[in-house]
**Q** 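The structure follows.
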Number of protein chains: 2
Amino acid sequence: MRLSTKGRYAVTAMLDLALNGKNGPVTLAEISENQGISLSYLEQLFAALRNKDLVRGVRGPGGGYYLGKSADEISIANIICAVDEWVEFTRCGGRQNCSGGARCLTHTLWDDLSSEIFNFLANISLGDLVRRNLGKKEEEERPLSVVGDSNSQAA
Amino acid sequence: MRLSTKGRYAVTAMLDLALNGKNGPVTLAEISENQGISLSYLEQLFAALRNKDLVRGVRGPGGGYYLGKSADEISIANIICAVDEWVEFTRCGGRQNCSGGARCLTHTLWDDLSSEIFNFLANISLGDLVRRNLGKKEEEERPLSVVGDSNSQAA
DNA sequence: TAATTACCAAGTGAATTACTAGGTAATACA
DNA sequence: TGTATTACCTAGTAATTCACTTGGTAATTA
């Protein structure tokens with residue numbers, strides 16, 4: 001699975017939409033302001049999100065974007081797939097002449113990893129993130145319990 | 001964690017080295033031939049691997065590359081970190097002015113994912129892959145049991 | 001001394017990223 | 001009806017990365 005900053009931008013923008021879209025549509029100009037992403041780049045991202053029905057645009061004054069479905073029905077994987085396409089790590093579908101060699105071994109490895117990442121992201125919805133944020137606001141400034149092991153440089 | 005084709009090339013090359021390096025050093029020319037990677041690109045990758053002591057070069061006729069340590073001591077994460085650098089998904093180390101907003105929420109998400117991927121790859125060694133290959137060779141042409149759920153397009 | 005190998009530096013076309021510029025189309029409101 | 005506001009669309013661009021090519025130098029073997 002492709003994991004680029006582009007996908008991160010899209011997730012961030014969608015989360016902004018989920019958090020601020022309770023009382024009407026959110027304009028790209030607002031998201032641009034909030035998240036520091038250029039308006040035109042957002043337009044491109046949202047064109048892709050619209051194609052997958054993850055958002056719904058409303059034109060004219062007072063317009064903007066709504067989520068295309070409920071936040072609980074939108075997984076992070078959905079969002080990333082929409083903007084990044086789903087690039088297969090391996091290109092031989094097992095059929096090629098690389099069986100048994102180092103090449104196909106890494107193919108299997110990458111397939112497994114790809115599933116791992118996908119499952120992780122498919123099991124987290126926008127709704128989950130929103131609730132995580134509410135929890136954070138409730139406990140005021142106290143930090144969330146985060147993953148303990150820092151994965152800094154394996155030197 | 002950065003997951004590019006570059007890292008995949010490196011893993012593939014290292015695996016080739018582990019599989020064929022039993023009876024002496026393996027030349028980059030051989031790996032280039034086996035894996036279809038250009039010689040000079042391999043040289044660049046191996047310069048990075050050498051810096052992390054993952055491989056050891058021997059010059060002159062009959063020279064080539066050895067693994068820098070035993071295959072069991074080299075994790076896939078080690079290899080990828082060597083050639084891809086470890087790019088943090090988040091840039092604010094938690095300290096920035098994005099706490100509570102959509103931006104920091106996705107930061108936490110990406111940190112978690114990063115750990116997930118790292119742990120997956122850190123728990124697989126080159127030795128594991130080699131043994132997986134031997135197992136494959138033993139059962140001749142019968143395919144390995146692979147991950148069941150295909151993660152093809154979430155449409 | 002010559003061949004072979006690692007090792008090193010610079011440059012390149014293609015792709016991607018994040019962005020700018022410059023539009024058109026639909027809608028709300030005066 | 002006209003104007004502002006928003007989404008929507010197309011093209012182009014500087015910076016970066018990828019995978020590679022070119023053209024070397026350094027160490028070792030025979």
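Letters A, B, ... are given to chains in the order of the sequence lines, protein chains preceding strands, and every chain is numbered from 1.
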**Q** Expressed in angstrom and rounded to an integer, what is the separation of Gln44(A) atom CD from dT13(D) atom C1'?
**A** 12 Å

**Q** By the 4.0 Å heavy-atom rule, please label Leu39(B) as base, sugar-phosphate, or nothing.
**A** nothing

**Q** May I have the distance from Asn51(A) (atom CG) to dC8(D) (atom P), rounded to whole angstrom?
**A** 10 Å

**Q** Counting N and O atoms only, with roles assigned by atom type, does the side chain of Gln35(A) sit under 3.5 Å from a partner on the main chain of Ser32(A), one being a donor and the other an acceptor?
**A** no

**Q** Please give, in whole Å, the distance from dC8(D) P to Arg56(A) CZ?
**A** 11 Å

**Q** Within this structure, what is the OH-to-P distance between Tyr65(B) and dT28(D), rounded to whole angstrom?
**A** 14 Å

**Q** Tell me which of Gly60(A) and Gly62(B) sits closer to the 5' end of DNA chain C, going by the nucleotide each one is nearest to.
**A** Gly62(B)

**Q** Kindly say whether, by distance alone, the side chain of Ser40(B) makes a donor-acceptor pair under 3.5 Å with the base of dT22(D)?
**A** yes

**Q** Does any N or O in the side chain of Asp84(A) come within less than 3.5 Å of the main-chain N or O of Ile80(A), such that one atom is a donor and the other an acceptor?
**A** no

**Q** Could you check how far CG of Leu42(B) sits from C1' of dT21(D), rounded to whole Å?
**A** 14 Å

**Q** Would you check if the side chain of Asn78(A) reaches a backbone N or O of Ser75(A) as a donor-acceptor pair within less than 3.5 Å?
**A** yes

**Q** Heavy atoms from C-beta onward define the side chain here; which of dT27(C), dA19(D), dA7(D) lies closest to that of Pro61(A)?
**A** dT27(C)

**Q** Please give, in whole Å, the distance from dT17(D) P to Tyr41(B) OH?
**A** 12 Å

**Q** Check the side chains of Asp16(A) and Asn20(A) for a donor-acceptor pair under 3.5 angstrom, ignoring hydrogens and angles.
**A** yes

**Q** Choose from dT27(C), dA18(C), dC8(D) the nucleotide whose nearest atom is closest to any side-chain atom of Glu43(A).
**A** dC8(D)

**Q** Does Arg50(A) have a side-chain nitrogen or oxygen under 4.0 Å from the phosphate oxygens OP1 or OP2 of dC8(D)?
**A** yes

**Q** Which nucleotide, dT5(C), dA7(D), dA3(C), lies nearest any side-chain atom of Arg59(B)?
**A** dT5(C)

**Q** Starting at CD of Gln35(A) and ending at P of dA18(C), how long is that distance when rounded to a whole Å?
**A** 14 Å

**Q** Measure from CG on Leu28(B) to P on dC8(C) and round the result to the nearest Å.
**A** 13 Å

**Q** Any chance you could lay out the side chain to side chain contact (heavy atoms under 4.5 Å, CB included) test for Val55(B) and Tyr65(B), step after step, and finish with the verdict?
**A** CA-CA 6 Å; Val55(B) 297; Tyr65(B) 278 96; 3.9 Å; yes

